There are 2 protein chains.
Amino acid sequence: MTQKIDNDALTKERILDKAEFLFSQKGYHAVSVREITKAARCHVGAVNYHFGSKKNLYLSVFRDRWLNRALRMQQFFRDSLPDRESPTPAEVVRALAQAFIGGPLSDEERLRHHQLMAREMAKPSEALDMVGEEGMKPFFKELVLRLGPAMPEGIGRDRMMLNILSIFAQVLYFNFARSAVTLIAGREYDREFNAMLVEHIIEFSLNGLGGTSEESRG
Amino acid sequence: MTQKIDNDALTKERILDKAEFLFSQKGYHAVSVREITKAARCHVGAVNYHFGSKKNLYLSVFRDRWLNRALRMQQFFRDSLPDRESPTPAEVVRALAQAFIGGPLSDEERLRHHQLMAREMAKPSEALDMVGEEGMKPFFKELVLRLGPAMPEGIGRDRMMLNILSIFAQVLYFNFARSAVTLIAGREYDREFNAMLVEHIIEFSLNGLGGTSEESRG
DNA sequence: TTGACATTCGAACAGTTGTTTGATACAAAC
DNA sequence: GTTTGTATCAAACAACTGTTCGAATGTCAA
């Protein structure tokens with residue numbers, strides 16, 4: 001009764017995958033259900049059958065895809081930290097940047113991930129509430145705890161949050177604003193440029209954090 | 001023959017204004033012509049009469065509104081620079097950040113401005129080409145010229161561009177991602193928080209630039 | 001007043017939107 | 001075999017999309 005053998009779950013999964021791709025590329029309203037089903041090689045009713053509505057399909061993308069990836073990146077970040085008790089801020093920032101720029105995600109996955117989030121930030125929906133509570137907030141709290149004790153003394157909680165946000169700002173920007181960066185920098189996102197970006201964000205962020213370490217020359 | 005006396009030009013201007021507001025808030029596809037005309041208190045045909053098409057209305061928003069504001073901010077930046085021959089990178093960055101965060105724009109104008117651009121970067125259209133060529137590229141070239149001679153020696157052109165992009169990344173982010181920042185930071189964008197943001201971006205950017213000055217405590 | 005003009009209005013256009021429905025196919029349980 | 005539950009498919013739904021059209025309106029020049 002649950003599923004046939006093969007094509008059943010696959011159809012739902014195909015829809016989810018194509019929907020995520022198209023939503024990330026064009027945004028919610030610019031993508032029609034028919035465009036999704038065409039890409040997923042199924043019929044229009046399939047979306048409402050499997051997900052109830054277009055809106056719910058969009059939420060499912062965040063629940064079943066985005067959140068998983070976010071947690072994977074967070075785990076990668078923890079595994080990248082040195083074994084010692086209290087890593088230096090520099091080490092935390094480096095692990096953070098590497099997890100979110102390099103990390104466990106393929107280039108294409110990362111592009112989807114950050115474009116979806118950028119759109120969600122530009123016009124928040126229930127999706128942001130959900131992944132915000134279950135994915136972003138807890139991780140942010142964790143970051144504050146890790147960075148807190150070792151930060152330049154006297155720095156306020158507010159100031160520290162802003163620092164972390166500035167790091168995410170760059171990670172997000174250099175992913176979702178690729179076209180503008182390409183236009184301005186006159187460079188494509190090839191392997192070499194990607195590597196340069198990683199190094200730049202790490203260095204810029206380490207310095208920005210307060211120049212707490214000479215490790216910034218990475 | 002050209003215009004009536006009053007309501008003529010005003011209708012076109014009202015459409016442009018409401019269109020800009022709605023486009024910046026929801027994005028191109030999420031806004032219907034009827035929604036715009038309803039907000040502008042005119043009739044559906046008015047858009048096609050005055051602008052030809054919805055797409056052209058969108059382009060007009062960038063041509064007649066966005067570009068003007070960009071140029072105004074750039075001029076404000078120049079006027080903020082000290083009179084001396086070659087301002088230090090710190091002075092340039094400070095003038096830059098202040099022009100784009102504070103500057104000649106009202107809070108609401110700035111919000112519109114950066115949200116429009118963020119959307120355009122997420123999915124570029126002809127609009128980005130246009131304002132890219134006429135607004136962004138020339139200003140970027142100017143920045144490179146101003147910063148170039150005084151930067152930490154040996155820094156590559158590429159690296160310098162990335163530094164500037166990282167500054168813009170923050171300016172853009174803290175404007176278009178207000179909801180996420182509010183969610184994470186637990187603070188509204190009140191006057192106090194805005195002031196803190198300005199100071200943070202300047203400090204973070206000055207440090208990120210390479211810690212070239214102790215002025216960073218500004 | 002007359003004519004020319006630009007603008008407004010209301011209605012309608014054809015096309016697309018998300019969603020619903022009923023028929024059909026198919027596998028597993030009885 | 002029959003029954004049961006699930007998935008696929010095609011057709012249709014009403015609502016909305018951007019755009020076009022012709023009549024009406026108001027304003028200026030002659």
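Note that this is a predicted model, so its numbers are computed, not measured. Below, chain A is the first sequence line, B the second, and so on; all start at residue 1.
Between the P atom of dT19(D) and the CD1 atom of Ile36(B) lies a distance of 11 Å, rounded to the nearest Å. In this entry the distance linking CG of Leu10(A) with C1' of dT8(D) reads 15 Å, nearest Å. Distance Lys55(B) NZ to dG18(D) C1': 13 Å, rounded to the nearest Å. Atom CZ of Phe51(A) is separated from atom C1' of dA7(D) by 14 Å (rounded to the nearest Å). Rounded to an integer number of Å, the gap from CD1 of Ile15(B) to C1' of dT8(C) is 11 Å. Atoms NZ (Lys38(B)) and P (dG10(C)) sit 15 Å apart, rounded to a whole Å.
Under the 6.0 Å distance and 45° angle rule, Lys54(B) counts as a cation-pi partner of Tyr28(B). At least one test fails for Arg187(A) against the ring of Phe193(A): distance under 6.0 Å to the centre or angle within 45° of the axis.
Dashed line: the shortest gap from a side-chain N or O of Ser53(B) to OP1 or OP2 of dG18(D) is not under 4.0 Å. The side chain of Thr11(B) contributes no N or O atom lying less than 4.0 Å from OP1 or OP2 of dT7(C). In this model, the phosphate group of dG10(C) is approached by a side-chain N or O of His43(B) to a distance below 4.0 Å at OP1 or OP2.
In Glu142(A), the CD atom is crowded: over 12 heavy atoms of neighbouring residues, nucleotides or ligands sit closer than 6.0 Å. Within a 6.0 Å sphere centred on CD of Gln75(B), other residues, nucleotides and ligands contribute more than 12 heavy atoms.
At the heavy-atom level, Val47(B) lies nowhere under 4.0 Å from the strands shown.
When each of Asn48(B) and Arg41(A) is assigned the nucleotide of DNA chain D with its nearest heavy atom, Arg41(A) is the one assigned upstream, toward the 5' end.
The stretch residues 25-35 of chain B touches DNA chain D through Val31(B), Ser32(B), Val33(B), Arg34(B), each having a heavy atom within less than 4.0 Å of the strand.
With sequence neighbours excluded, the residues satisfying salt bridge (charged side-chain N to carboxylate O under 4.0 Å, His left out) with Glu35(A) are Lys26(A).
Distance from the side chain of His50(B) is smallest to dT8(C) among dT8(C), dT20(C), dG18(D). The side chain of Tyr49(B) has dA6(C) as its nearest neighbour among dA7(D), dT20(C), dA6(C).
Side-chain contact check for Gln98(A) and Ser80(A): no donor-acceptor pair (N or O, by modelled atom type) lies under 3.5 Å.
Tyr173(A) and Tyr173(B) have their aromatic ring centers separated by at least 6.0 angstrom.
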